Amino acid sequence: MTDSVTINDVGPRDGLQNQAKILSPQDRLKLVQALLDAGLRNIEIGAFVSPKAVPAMAGVEDIVAGLPDIDAEFSALIPNRKGYERARDAGIKTMGLVVAASNTMNERNIRMTTAQAVDVARDVLAQAREDDREVQVCIATAWECPFEGKVASDTVLSLSDQLHQAGAASLIIADTIGAANPRAVHQLMSALVAQHGSEYLSCHFHDTRALGMANAYAALEAGIRRFDASIGGLGGCPFAPGATGNISTEDLAMTLSLMGFETGLDMDKLIAAGELANRMTDTQTGVRSL
Ligand code: COA
Ligand code: ZN
């Protein structure tokens with residue numbers, strides 16, 4: 001087992017998509033730059049979704065055009081084939097396609113059933129192979145759905161198999177509304193690690209019930225070495241009632257560093273980036289609102 005952990009900062013996407021204040025692409029680029037300055041080399045820079053559905057993600061093409069030429073994984077969220085094509089044409093090399101583990105969440109979020117979303121994933125993954133792009137798949141609401149309640153582990157295991165067979169580069173297992181608990185996280189992630197190996201997996205936690213860091217620890221214990229987190233603890237999904245901020249990149253980096261893991265991050269610059277994120281969005285780290 002390695003002693004390093006990769007943090008993928010999803011602040012410019014998850015962090016900003018549900019804020020009351022909408023930031024310009026220029027300000028979002030400043031945030032990306034602050035994250036790079038702090039040493040982050042995995043950043044989700046935005047989403048190629050409908051600007052009508054998520055106005056905060058409008059102008060994502062301008063962000064891609066302004067990214068510095070640096071060796072980093074700049075990924076973007078995509079909801080469907082159109083999103084894939086927009087991201088590809090903008091020059092994005094790594095996309096994160098969302099497929100929720102529950103039907104109602106898929107219907108509310110991307111206007112498809114789970115079966116339709118898996119079909120879209122197959123199509124997008126086949127196209128990505130042709131285009132030499134990497135598509136990671138994010139399994140949303142992997143523990144609990146705001147509409148259907150608890151999600152069975154078997155549902156996630158079977159979905160993960162289908163997506164693996166369809167060619168997903170890796171899987172991000174997401175507690176979209178922050179309703180998981182450490183035992184449930186350990187159980188599901190251990191089963192997924194047994195099925196796919198830990199290298200293939202990443203976790204994404206929200207801190208709705210202040211369990212985000214405990215859940216990250218449980219995933220770490222199950223062998224996970226890659227996590228999404230959001231600068232300043234920003235975050236939330238416009239289509240998932242009750243979802244608050246992601247675990248904060250600063251908290252996760254500090255926890256990992258105290259535990260002896262390498263993250264490659266500069267704590268002071270990370271805190272400065274968090275302050276910038278909070279200033280730009282008129283929010284405060286640690287203050288969560290529903
Ligand atoms: N990017 C931009 N526009 C898109 C798009 C994309 N990825 N996918 C579809 N559209 C446009 C269509 O071109 C169409 O535009 P028009 O009204 O100008 O003709 C319109 O959206 C409706 O298209 P349709 O295929 O019927 O989509 P929909 O109404 O079923 O909406 C989504 C589906 C996926 C586009 C929309 O629900 C969405 O963007 N959701 C975002 C989900 C999200 O970001 N969740 C948070 C993160 S998980
Ligand atoms: Zn999220």
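Not measured: the values here are computed from a predicted model.
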**Asked** Do T283 and Q19 meet the criterion of a side-chain donor-acceptor pair at a distance under 3.5 Å?
**Response** no

**Message:** Please determine whether the number of non-hydrogen atoms from other residues, nucleotides or ligands lying under 6.0 Å from atom CE of M213 exceeds 12.
**Reply:** yes

**Prompt:** Which heavy-atom pair separates I110 from V98 by the least distance, and what is that distance?
**Reply:** CD1-O, 3.6 Å

**Request:** Check N106 against V99 and note the closest heavy-atom contact, atom names and distance.
**Result:** OD1-C, 3.8 Å

**Prompt:** Are any of the side-chain heavy atoms of F261 and L220 separated by less than 4.5 Å?
**Reply:** yes

**Prompt:** Mind checking whether F205 and W143 have parallel, tilted or perpendicular rings, split at 30° and 60°?
**Reply:** tilted

**Complete:** Output for pair (L31 CG, L23 CG), nearest 0.5 Å, gives 8.0 Å

**Message:** Using the rule given for side-chain contact (heavy atoms from CB on, under 4.5 Å), can you reason through I173 versus L171, listing the C-alpha separation, both sets of side-chain angles and the distance that settles it, and then say yes or no?
**Reply:** CA-CA 6 Å; I173 311 300; L171 297 176; 4.1 Å; yes

**Request:** For D161 and Q165, run side-chain hydrogen bond (donor to acceptor under 3.5 Å, both in side chains): C-alpha distance rounded to whole Å, both residues' side-chain angles, the deciding distance at 0.1 Å, then the answer.
**Result:** CA-CA 6 Å; D161 246 351; Q165 276 167 27; 4.6 Å; no

**Spacing of CD belonging to E73 relative to CG belonging to N42, to within rounding of 0.5 Å** = 4.5 Å

**Straight-line distance of L188 CG to T155 OG1, nearest 0.5 Å** = 10.0 Å

**Message:** Between R88 and D131, does any side-chain N to carboxylate O distance fall below 4.0 Å?
**Reply:** yes

**Item:** Cluster link M95 to V10, ILVMFWY, side chain under 4.5 Å
**Value:** no

**Request:** State which residues pass salt bridge (charged side-chain N to carboxylate O under 4.0 Å, His left out) with E85; sequence neighbours excluded, sorted by chain then number.
**Result:** R81

**Message:** Any non-hydrogen side-chain atom of I247 less than 4.5 Å from a side-chain atom of N215?
**Reply:** no

**Asked** Where do R86 and E61 land on the salt bridge (Lys or Arg N to Asp or Glu O under 4.0 Å) test, with the steps shown first?
**Response** CA-CA 8 Å; R86 282 178 63 207; E61 276 88 354; 3.1 Å; yes

**Fill in**
Looking only at heavy atoms, the pair that brings D27 and M280 closest together is O-CE, 3.2 Å

**Message:** Let's go through R133 and T94 carefully: what are the C-alpha distance in whole Å and the side-chain angles of both, what is the deciding distance for side-chain contact (heavy atoms from CB on, under 4.5 Å) to 0.1 Å, and is it a yes or a no?
**Reply:** CA-CA 6 Å; R133 295 300 203 276; T94 307; over 6 Å; no

**Message:** So, taking the atom named CE in M105 and the one named CD1 in I177, what distance separates them when rounded to the nearest 0.5 Å?
**Reply:** 8.5 Å

**Message:** If only side-chain N and O atoms count, and only distance matters, is there a donor-acceptor pair under 3.5 Å linking T114 with N103?
**Reply:** yes

**Prompt:** Applying the 4.5 Å side-chain criterion to the ILVMFWY set and letting contacts propagate, would Y84 and V64 be lumped into a single cluster?
**Reply:** yes

**Request:** Take atom OH of Y200 as the centre, draw a 6.0 Å sphere, and report whether it contains more than 12 heavy atoms from other residues, nucleotides or ligands.
**Result:** yes

**Prompt:** Is there a side-chain contact between Q195 and S160 (heavy atoms, below 4.5 Å)?
**Reply:** yes

**Message:** Quick check: closest heavy atoms across L35 and A273, and the distance to 0.1 Å?
**Reply:** CD2-CB, 4.3 Å

**Polar side-chain atom of S50 near backbone of K52 as donor-acceptor pair, under 3.5 Å** = yes

**Donor-acceptor pair between Q136 and S75 side chains, under 3.5 angstrom** = no

**Q17 vs P238 side-chain heavy atoms within contact, under 4.5 Å** = yes

**Message:** More than 12 heavy atoms of other residues, nucleotides or ligands under 6.0 Å from CD of E262: yes or no?
**Reply:** no

**Request:** Calculate, to the nearest 0.5 Å, the distance between atoms CG and CZ belonging to L256 and R225 respectively.
**Result:** 9.0 Å

**Prompt:** Closest heavy-atom contact between N278 and G232?
**Reply:** ND2-O, 3.9 Å

**Request:** Take D282 and K21 through the test salt bridge (Lys or Arg N to Asp or Glu O under 4.0 Å) and record every step on the way to the result.
**Result:** CA-CA 8 Å; D282 296 332; K21 189 166 159 194; 3.7 Å; yes

**Prompt:** With side chains defined as the heavy atoms from C-beta onward, is the minimum distance between E275 and R279 less than 4.5 Å?
**Reply:** yes

**Smallest separation among heavy atoms of M267 and E250, with atom names** = CE-O, 3.3 Å

**Qualifying residue, where the test is side-chain hydrogen bond (donor to acceptor under 3.5 Å, both in side chains) with H204 and the options are D14, T176, D175** = D14

**Prompt:** Strictly by modelled atom types, are Q127 and D123 linked by a side-chain donor-acceptor pair under 3.5 Å?
**Reply:** no

**Request:** Kindly work out whether a path of hydrophobic side-chain contacts (I/L/V/M/F/W/Y, heavy atoms less than 4.5 Å apart) joins L201 to F227.
**Result:** yes

**Prompt:** What's the verdict on side-chain contact (heavy atoms from CB on, under 4.5 Å) for S202 and D228, showing C-alpha distance, side-chain angles and the deciding distance?
**Reply:** CA-CA 7 Å; S202 167; D228 285 355; 4.2 Å; yes

**Asked** How far apart are the C-alpha atoms of F48 and L77, what are their side-chain angles, what is the distance that settles it, and do they pass the side-chain contact (heavy atoms from CB on, under 4.5 Å) test?
**Response** CA-CA 6 Å; F48 288 84; L77 182 139; over 6 Å; no

**Complete:** Rounded to the nearest 0.5 angstrom, the NE2-OG distance for H206 and S230 is 8.0 Å

**Asked** Linking I/L/V/M/F/W/Y whenever their side-chain heavy atoms sit closer than 4.5 Å, directly or via other members, would I7 and V32 fall into one cluster?
**Response** yes

**Asked** Applying the 4.5 Å side-chain criterion to the ILVMFWY set and letting contacts propagate, would L211 and M254 be lumped into a single cluster?
**Response** no

**Message:** I'd like to know if the side chain of R183 pairs up with that of Q187 as donor and acceptor (distance under 3.5 Å, no hydrogens or angles considered).
**Reply:** no

